[in-house]
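Report on the structure given below.
Below, each value reflects all heavy atoms present in this structure, side chains not excepted, and no hydrogens, waters or symmetry copies.
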Amino acid sequence: QVQLVESGGGLVQAGGSLRLSCAASGRTFNSYAMGWFRQAPGKEREFVANINWSGGRTRYADSVKGRFTISRDNAKNTIYLQMNSLKPEDTGVYYCAADLSVFGADYPPIQLKEYDYWGQGTQVTVSS
């Protein structure tokens, strides 16, 4: 079992920045990959970024590449999503997720169905 709790969401103007955090508990944190996903109103949940167990491998959706940075602090059992140059289309509920598979630990997937545990989400609203 893994428990995930997101924080750091809020309301920001376009061009601004936010940093999301996701605190994990329940399993050895440095043994599995993590991902960030988001869901805009009326749309399906989509992949944003992921990071392998060590933090040495990351991947981003094209829509956020160059603006968002995913990182992890295994000593604090936490991952982060630094979001810069925010746009109104970044608005949505942001979820962190954990993939406990052995293969995924080094090569995190982008498909939602590959992730085993999810947080409750944190709202990000970007005003124009």
Side-chain angles (χ1 to χ4, degrees):
Q1 285 276 350
V2 173
Q3 294 78 42
L4 303 172
V5 179
E6 302 97 336
S7 61
L11 173 64
V12 64
Q13 287 188 335
S17 299
L18 281 175
R19 188 176 85 152
L20 306 183
S21 300
C22 172
S25 61
R27 281 277 294 265
T28 304
F29 185 67
N30 63 2
S31 65
Y32 55 87
M34 297 286 295
W36 283 102
F37 295 80
R38 67 186 181 188
Q39 188 166 17
K43 295 188 176 181
E44 293 186 351
R45 197 171 298 187
E46 64 177 5
F47 167 75
V48 174
N50 62 23
I51 189 165
N52 76 332
W53 68 274
S54 68
R57 181 177 286 113
T58 59
R59 189 172 178 181
Y60 298 91
D62 288 343
S63 58
V64 307
K65 205 171 293 184
R67 300 187 298 122
F68 290 11
T69 303
I70 188 172
S71 61
R72 67 189 295 160
D73 185 338
N74 285 344
K76 295 183 178 180
N77 289 4
T78 301
I79 66 165
Y80 304 95
L81 186 68
Q82 177 66 44
M83 306 186 295
N84 298 329
S85 302
L86 282 162
K87 305 176 182 179
E89 51 263 44
D90 294 318
T91 293
V93 179
Y94 283 68
Y95 300 90
C96 64
D99 173 14
L100 271 58
S101 69
V102 173
F103 182 80
D106 242 347
Y107 299 94
I110 65 171
Q111 299 87 355
L112 277 71
K113 64 182 178 66
E114 301 295 334
Y115 286 80
D116 304 292
Y117 294 95
W118 293 81
Q120 82 289 349
T122 185
Q123 176 71 44
V124 172
T125 303
V126 184
S127 64
S128 57

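In terms of modelled atom types and a separation under 3.5 Å, the side chain of Thr91 and the main chain of Val126 share a donor-acceptor contact. Looking only at distances, a side-chain donor or acceptor of Arg72 sits under 3.5 Å from a matching main-chain atom of Asn52. Under a 3.5 Å cut-off, the side chain of Arg57 and the backbone N or O of Tyr107 do not form any donor-acceptor pair.
One hydrophobic cluster, built from ILVMFWY side chains closer than 4.5 Å, cannot hold both Val2 and Tyr115; they sit in different ones. Put simply, Val64 and Ile110 are part of two different groups of oily side chains (I, L, V, M, F, W, Y) that touch within less than 4.5 Å, one to the next.
Residue Gln13 qualifies as open at atom CD: its count of foreign heavy atoms under 6.0 Å is 12 or below.
By the 4.5 Å heavy-atom criterion applied to side chains, Ser63 and Arg38 are counted as neighbours. Using a 4.5 Å cut-off on side-chain heavy atoms (C-beta onward), Arg27 and Leu100 make contact. Taking 4.5 Å as the limit, some side-chain heavy atom of Gln39 sits within range of a side-chain heavy atom of Tyr95. For the pair Asp90/Arg67, a side-chain contact is recorded, criterion being any heavy-atom separation below 4.5 Å from C-beta on. With a 4.5 Å cut-off on side-chain heavy atoms, Met83 and Leu20 count as touching.
Between Trp36 and Phe68, a ring centre-to-centre spacing not shorter than 6.0 Å is recorded.
Put simply, CG on Leu18 and CD on Gln82 are 8.5 Å apart, with the number rounded to the nearest 0.5 Å. If you take OG1 on Thr122 and CD on Gln120, they are separated by 7.0 Å, rounding to the nearest 0.5 Å. Atom CG in Leu112 sits 10.0 Å away from atom CZ in Phe47 (nearest 0.5 Å).
Contact between Ala14 and Ser128 at its shortest, heavy atoms only, is CB-CA, 4.4 Å. When all heavy atoms of Ser31 and Ala105 are compared, the pair lying nearest together is O-CB, 3.6 Å. Nearest heavy atoms, Asn84 versus Ser17: OD1-OG, 2.9 Å. The nearest pair of heavy atoms linking Gly119 to Glu6 is CA-OE2, 3.2 Å. Scanning both residues, Gln1 and Tyr117, for their nearest heavy atoms gives CA-OH, 3.4 Å. Nearest heavy-atom pair across Thr58 and Tyr60 is OG1-CE1, 3.7 Å.
Remark: Asp62 engages Lys65 in a salt bridge, criterion side-chain N to carboxylate O under 4.0 Å.
Considering only residues two or more places apart in sequence or on other chains, Ser25 meets the side-chain hydrogen bond (donor to acceptor under 3.5 Å, both in side chains) condition with Gln3.
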Check your understanding: Are Phe29 and Ile79 close enough, and set up right, to give a side-chain contact (heavy atoms from CB on, under 4.5 Å), and what steps lead you there?
Key -> CA-CA 10 Å; Phe29 185 67; Ile79 66 165; 3.6 Å; yes
Practice item. For Tyr32 and Asp99, run side-chain contact (heavy atoms from CB on, under 4.5 Å): C-alpha distance rounded to whole Å, both residues' side-chain angles, the deciding distance at 0.1 Å, then the answer. Key: CA-CA 6 Å; Tyr32 55 87; Asp99 173 14; 6.0 Å; no
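The side-chain tip of Arg45 does not point at the ring of Phe37 from less than 6.0 angstrom away and within 45° of straight on.
The only member of Thr78, Ile70, Leu4 that meets side chain to side chain contact (heavy atoms under 4.5 Å, CB included) when paired with Met34 is Leu4.
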